[in-house]
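The block underneath contains the structure these notes are about, expressed in structure tokens.
Residue indices begin at 1 and follow the sequence shown. Quick caveat, the model's predicted, so the values are computed rather than measured.
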Amino acid sequence: MGKRLTEQQQEFYHKNGYLIGLPTVFGPEQVREMNSGLNELLTLLRPGEDAKEIREWHESSRFLYDLCMNPVILDFVEDVLGPDFYLWGSNFFIKPPHSKSTVGWHQDTYYWPLEPKISTTIWLAFEDADEENGAMKVIPGSHSAGLLKH
């Protein structure tokens, strides 16, 4: 059994490639602080840049570093990858209200410079996400087919 995940959750992750319904990590006040920290980062962007430019800023932003190093999140990662892992990337993906933009079906590791291609992504929604406002969709078990051409 893992530190945070049950044996059933770990099995589900390895079979399906994702987990949802995990216990709450951040309370309402922490979410407000997260959004405040994000707003501060957005002020550091140059004219014409958007939030997608905030990549790997965990290396220079204490706010992002602390967010990425949250012990509960790290325990979840350890439960699926084991204790020998590292954080190599971070970024923001913000879709403004009424945005027509979409993200095509993809596997994250297709784009990442990792060998072997063993990784996990932690997605933190800073606001409520549902089908109406663009929640993430997954294809359960698609990771079992290996890396697919996009």
Side-chain angles (χ1 to χ4, degrees), residues 1-26 30-31 34-35 37-39 41-42 44-46 48-61 63-150:
M1 179 122 119
K3 292 180 175 184
R4 301 272 177 181
L5 300 178
T6 66
E7 193 172 307
Q8 292 80 11
Q9 287 172 313
Q10 291 179 40
E11 288 173 11
F12 183 94
Y13 176 85
H14 289 291
K15 177 182 178 191
N16 295 288
Y18 72 97
L19 277 174
I20 58 173
L22 296 174
T24 300
V25 175
F26 302 105
Q30 290 170 302
V31 172
M34 289 163 50
N35 277 290
L38 170 58
N39 287 331
L41 293 179
L42 292 172
L44 301 174
L45 294 171
R46 296 183 186 113
E49 290 183 324
D50 65 23
K52 290 181 185 146
E53 302 300 323
I54 302 174
R55 299 188 64 85
E56 285 65 74
W57 285 19
H58 66 275
E59 296 173 353
S60 58
S61 163
F63 158 70
L64 279 180
Y65 178 83
D66 289 345
L67 187 60
C68 293
M69 293 294 123
N70 179 284
V72 175
I73 293 173
L74 294 178
D75 285 348
F76 289 143
V77 173
E78 183 174 345
D79 283 352
V80 297
L81 292 181
D84 190 16
F85 66 90
Y86 65 97
L87 167 68
W88 74 270
S90 64
N91 69 301
F92 282 92
F93 190 93
I94 298 173
K95 287 174 66 175
H98 312 294
S99 171
K100 302 283 188 218
S101 70
T102 61
V103 177
W105 290 107
H106 68 279
Q107 293 170 300
D108 286 348
T109 55
Y110 182 86
Y111 303 103
W112 294 343
L114 300 174
E115 289 298 332
K117 300 238 181 246
I118 299 169
S119 67
T120 195
T121 300
I122 302 297
W123 179 55
L124 298 176
F126 280 36
E127 296 182 0
D128 287 340
D130 57 33
E131 280 192 53
E132 288 186 30
N133 70 4
M136 186 184 311
K137 295 182 180 182
V138 298
I139 301 173
S142 58
H143 67 296
S144 298
L147 196 60
L148 303 173
K149 185 175 180 182
H150 288 198

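Among all heavy-atom pairs drawn from Ser90 and His58, the shortest one is OG-ND1, 2.7 Å. The two residues Pro113 and Trp88 come nearest to each other via the heavy atoms CD-CH2, 3.7 Å. In this structure, Lys3 and Asp75 approach most closely via the heavy-atom pair CD-OD1, 3.3 Å. Pairing each heavy atom of Ala51 with each of Leu42, the nearest pair is CB-CD2, 3.9 Å. For the pair Cys68 and Leu74, the tightest heavy-atom approach, listed with the atom from each and the gap, is O-CD2, 3.7 Å.
Legend: residues meeting ring-ring contact (aromatic ring centres under 6.0 Å, His included) with Tyr110, ordered by chain and number and at least two apart, are His150. Under the side chain to side chain donor-acceptor pair (under 3.5 Å) criterion, Ser61 pairs with no residue at all, not counting sequence neighbours.
Within the 4.5 Å cutoff, the side chain of Leu19 has no heavy atoms near those of the Phe76 side chain. Between Arg4 and Leu22 there is no side-chain heavy-atom pair separated by less than 4.5 Å. Looking only at side-chain heavy atoms (C-beta outward), Tyr111 and His106 come within less than 4.5 Å of each other. Between Lys52 and Phe93 there is a side-chain heavy-atom pair separated by less than 4.5 Å. Between Ile94 and Asp50 the shortest side-chain heavy-atom distance does not fall below 4.5 Å. The closest side-chain heavy-atom distance from Tyr65 to Trp57 is not below 4.5 Å. With contacts defined as side-chain heavy-atom distances shorter than 4.5 Å, the pair Ile20/Val138 does not qualify.
Distance OG/Ser144 to CD1/Ile139: 12.0 Å, rounded to 0.5 Å. In this structure, OG1 on Thr121 lies 7.5 Å from CE on Met136, to the nearest 0.5 angstrom. One finds the CE atom of Met34 at 6.5 Å from the CZ atom of Phe63 (value rounded to the nearest 0.5 Å). To the nearest 0.5 Å, the span separating CZ on Phe126 from CG on Leu38 amounts to 6.0 Å. In this structure, the separation between CD on Glu78 and CD1 on Ile73 is 14.0 Å, given to the nearest 0.5 Å.
With a 6.0 Å radius and a threshold of 12 heavy atoms from other residues, nucleotides or ligands, Asp128 has its CG atom at or below the threshold. Environment of CZ in Phe85: crowded, with over 12 heavy atoms of neighbouring residues, nucleotides or ligands closer than 6.0 Å. Within 6.0 Å of CD in Glu115 there are more than 12 heavy atoms belonging to other residues, nucleotides or ligands.
With His143 contributing its side chain and His14 its backbone, the two residues share a donor-acceptor pair below 3.5 Å. Without hydrogens or angle criteria, Gln107 side chain to Leu148 main chain gives a donor-acceptor distance under 3.5 Å. Not a single donor-acceptor pair under 3.5 Å links the side chain of Lys117 to the backbone N or O of Gly146. Not a single donor-acceptor pair under 3.5 Å links the side chain of Glu49 to the backbone N or O of Ile54.
Residue pairs satisfying the salt bridge (charged side-chain N to carboxylate O under 4.0 Å, His left out) criterion with at least one member in residues 96-112, sequence neighbours excluded, are absent.
Residue Tyr13 forms a side-chain contact (heavy atoms from CB on, under 4.5 Å) with just one option from Leu5, Thr120, Asp79, and that option is Thr120.
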